[in-house]
Amino acid sequence: MDSVKIVNLLDKAKGELASDYNKAIELLLEAKVLAYQSGNPYLISNVELNLGKQYFFLGLYEKALDCYINLIRSAELNEDFESLGKGYFQLSGVRLVMEDYDQAKTHLLKSREYYIRHFHSEEAIGLIDRLTFQNNMGLIYSGSNDLESARKEFELGLAMLSDDPVLSNVRIQLMNNMGDLNFKEGKVKEAMEYYNLAKEQLTATSNPLFHAMLDHSIGKTYLELESYADAVLFFQRGFSTAKKVKGYSHLRHLSKGLSLAYGKMSESDSAFLYLQLSDAYEDSLKIKKTAEKILVEELMSDYRQEKSQLLQLYEGNKKNLLWLAICSLTLIIFLFMRAYWIRDRLLNMERQRNEMEEIVGKSNDENLLLKRKIEDTQKEATLMSLNNLRKDDIFKQLSQTIHPDKVDNDSANAEALRKILEKMTEDDSQLLFGEFEYVFENTHMGFFQKLKNKYPNLTPNERRLCAFLKLQLTTKEISQITYKSIRSIELARIRLRKKLGFTNSEKNLNDFFLEF
């Protein structure tokens, strides 16, 4: 019964991929618990593979790597060559992300070797797997700047395609990667043709990250063609799609593309904002930590293979006592030396870690100052955005009100001045603060949602006041921005303290929101 339930959970997870990635991962985690409870190695491998793929697509490489390592270890214990082939194929993908193309190629060839051992011939391997091999080998050659070999791999993969809907995902990837290859060779027009062909293959049930990937590809092509407005349009659409499913890897590339496009359009504030977002998403990917973890696993995998080979050699020759004694002694010496080697390597890694921690410790003060400088810069950028919007609005109104055709005598001048005063005091704060909230949310993502969840009874004006306090604005600065008196702001702060439960507390609101 558990086996049926696990298979059903896997099928449900696949159905959720196009709409709710969080739900898909929840289903896969539930299936993982049941698989390990059942002890069935096939189910364990299948669940770890599917869960790892979803983490990988989202850019959660460290979590994906843990799944692939569990898959390989389970497969090694059970001599499951097909699962070993799948595991090493996924490790090859992780190495591609690390841009370690030599090691990626090593893993890919090892994966193909295990597939052939399982199916007994390359022709017996499934078409999707063979196409995926071609695609990834092309990526490895492209990353290594062997563009001629990359083109051969991609063209061979495209030639193997049919109209079978099952091949749509790999068809999209091959066409996109062929477009990237043309783009890399400076053939922008040909690149755009392949991107559009790939986009035609997308459907409502396609992986949302494929949509984001192609929007990024087309956006960078428009950027190269100096069509910056079109580039921003595609980058923004891809960014919105990737953000819905938390595709951090795609968000990193799309943010960088938006930063470049806005920079070309001389919109420095937007360019700086998206550059910061790109750096933040890069940090969230934990690429360095994943690279260190995969290095350790590769060393341990080599050790396990060597140990397995020695044990097989021992079993095959145990009748020969003399050879057995020599082999045993050799094995002991080897393992002893190997253990010392691994110990020295781990100690060296520990030393390096301690040195890094010491460096980080010494630079804590510098990091704190840098953090404060960034927060001040964010605050200034937000204030500048508000002031620019306000100035622009006032200047437009002045231009429309005091016009040579309208002002022709003293009475008309007086009337014009009266209109100016009315327009300067006119309540257009909703439009301005809507723009402010958009800029603020991009800088402090999730702040308003967290505030709404914890204090649902706050009014929109009170939530807006919370945002100003998060930016560490003084009462005078808030008064200048909102065009309200200092007394009004002070009363608003008192009401806010009451709603937050700080009536009888000495806690400072600015300190509270600095940590919120």
Side-chain angles (χ1 to χ4, degrees), residues 13 16-30 54-55 58-60 62-63 208-209 212 236 239-248 250-252 254-255 273-274 276-277 279-281 283-286 371 374-375 378-379 381-383 385-386 429-473 475 478 481-482 489-516:
E16 293 289 346
L17 293 180
S19 57
D20 190 344
Y21 262 65
N22 290 326
K23 181 64 176 176
I25 288 179
E26 288 177 6
L27 292 169
L28 288 169
L29 289 172
E30 183 181 350
Q54 302 323 312
Y55 283 139
L58 295 174
L60 302 174
E62 188 179 14
K63 288 187 176 181
L209 293 175
Q236 284 283 15
F239 185 91
S240 177
T241 302
K243 191 174 183 181
K244 288 179 182 177
V245 295
K246 299 179 181 178
Y248 299 112
H250 292 75
L251 285 169
R252 176 184 60 154
L254 288 159
S255 298
L273 172 63
Y274 281 105
Q276 284 187 309
L277 286 176
D279 292 339
Y281 285 127
D283 291 340
S284 70
L285 295 175
K286 300 180 180 178
K371 181 180 178 182
I374 291 173
E375 289 173 350
Q378 292 172 343
K379 173 180 171 182
T382 306
L383 289 173
S385 175
L386 284 171
S429 62
Q430 291 302 317
L431 174 60
L432 294 174
F433 286 117
E435 293 293 330
F436 162 75
E437 288 176 358
Y438 175 78
V439 175
F440 181 90
E441 179 62 20
N442 278 323
T443 307
H444 302 278
M445 289 187 291
F447 176 82
F448 286 118
Q449 187 60 47
K450 181 180 177 182
L451 190 66
K452 186 176 181 181
N453 292 340
K454 195 166 184 180
Y455 303 103
N457 61 334
L458 294 180
T459 67
N461 285 336
E462 287 168 340
R463 288 197 295 271
R464 204 168 285 139
L465 177 57
C466 293
F468 290 142
L469 294 172
K470 175 70 175 177
L471 292 172
Q472 301 295 291
L473 299 184
T475 299
I478 297 172
I481 292 171
T482 59
I489 301 303
E490 289 175 344
L491 290 174
R493 289 176 69 122
I494 292 171
R495 288 194 296 272
L496 179 60
R497 288 182 65 86
K498 184 177 181 180
K499 285 194 175 183
L500 297 180
F502 297 155
T503 303
N504 299 320
S505 172
E506 295 181 359
K507 191 169 186 68
N508 184 279
L509 282 179
N510 289 71
D511 293 340
F512 171 76
F513 282 106
L514 183 62
E515 300 171 358
F516 187 83

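The shown structure was predicted, so the numbers you read here are calculated from the model rather than taken from an experiment. One is the number of the first residue; the rest follow in order along the sequence.
The shortest distance between side-chain heavy atoms of Y274 and L254 does not fall below 4.5 Å.
Within the 3.5 Å criterion, the main-chain N or O of L458 finds a donor-acceptor partner in the side chain of R463. S240 contributes no side-chain N or O that, together with a main-chain N or O of Q236, makes up a donor-acceptor pair within less than 3.5 Å.
Closest non-hydrogen pair, F448 versus A467, comes out as CZ-CB, 3.8 Å. In terms of heavy-atom proximity, L28 sits nearest to Q54 at CD1-CG, 3.5 Å.
Note: L473 CG to L465 CG = 9.5 Å, rounded to the nearest 0.5 Å. Interatomic distance, CG of L491 versus CG of L496, reported as 12.5 Å (0.5 Å rounding). Atom CG in L277 sits 14.0 Å away from atom CZ in R252 (nearest 0.5 Å). Distance check: S255 OG to L273 CG gives 8.5 Å after rounding to the nearest 0.5 Å. Atom CG in N510 sits 4.5 Å away from atom CD in Q472 (nearest 0.5 Å). Once rounded to the nearest 0.5 Å, the distance linking CG of L451 with CD of Q449 reads 10.0 Å.
More than 12 non-hydrogen atoms from other residues, nucleotides or ligands lie less than 6.0 angstrom from NZ of K499.
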task = Go through R493 and L469 one step at a time and tell me if the side-chain contact (heavy atoms from CB on, under 4.5 Å) criterion holds.
result = CA-CA 10 Å; R493 289 176 69 122; L469 294 172; 3.4 Å; yes
query = Taking it one step at a time, do F513 and F468 satisfy ring-ring contact (aromatic ring centres under 6.0 Å, His included)?
reply = CA-CA 9 Å; F513 282 106; F468 290 142; over 10 Å; no
task = Could you walk me through whether L471 and H444 pass the side-chain contact (heavy atoms from CB on, under 4.5 Å) test, one step at a time?
result = CA-CA 10 Å; L471 292 172; H444 302 278; 3.8 Å; yes
ask   = Going through the distances and angles, do I25 and Y55 end up as a side-chain contact (heavy atoms from CB on, under 4.5 Å)?
value = CA-CA 8 Å; I25 288 179; Y55 283 139; 3.9 Å; yes
key: Intermediate values then yes/no, side-chain contact (heavy atoms from CB on, under 4.5 Å), F516 and K454   = CA-CA 11 Å; F516 187 83; K454 195 166 184 180; 4.0 Å; yes
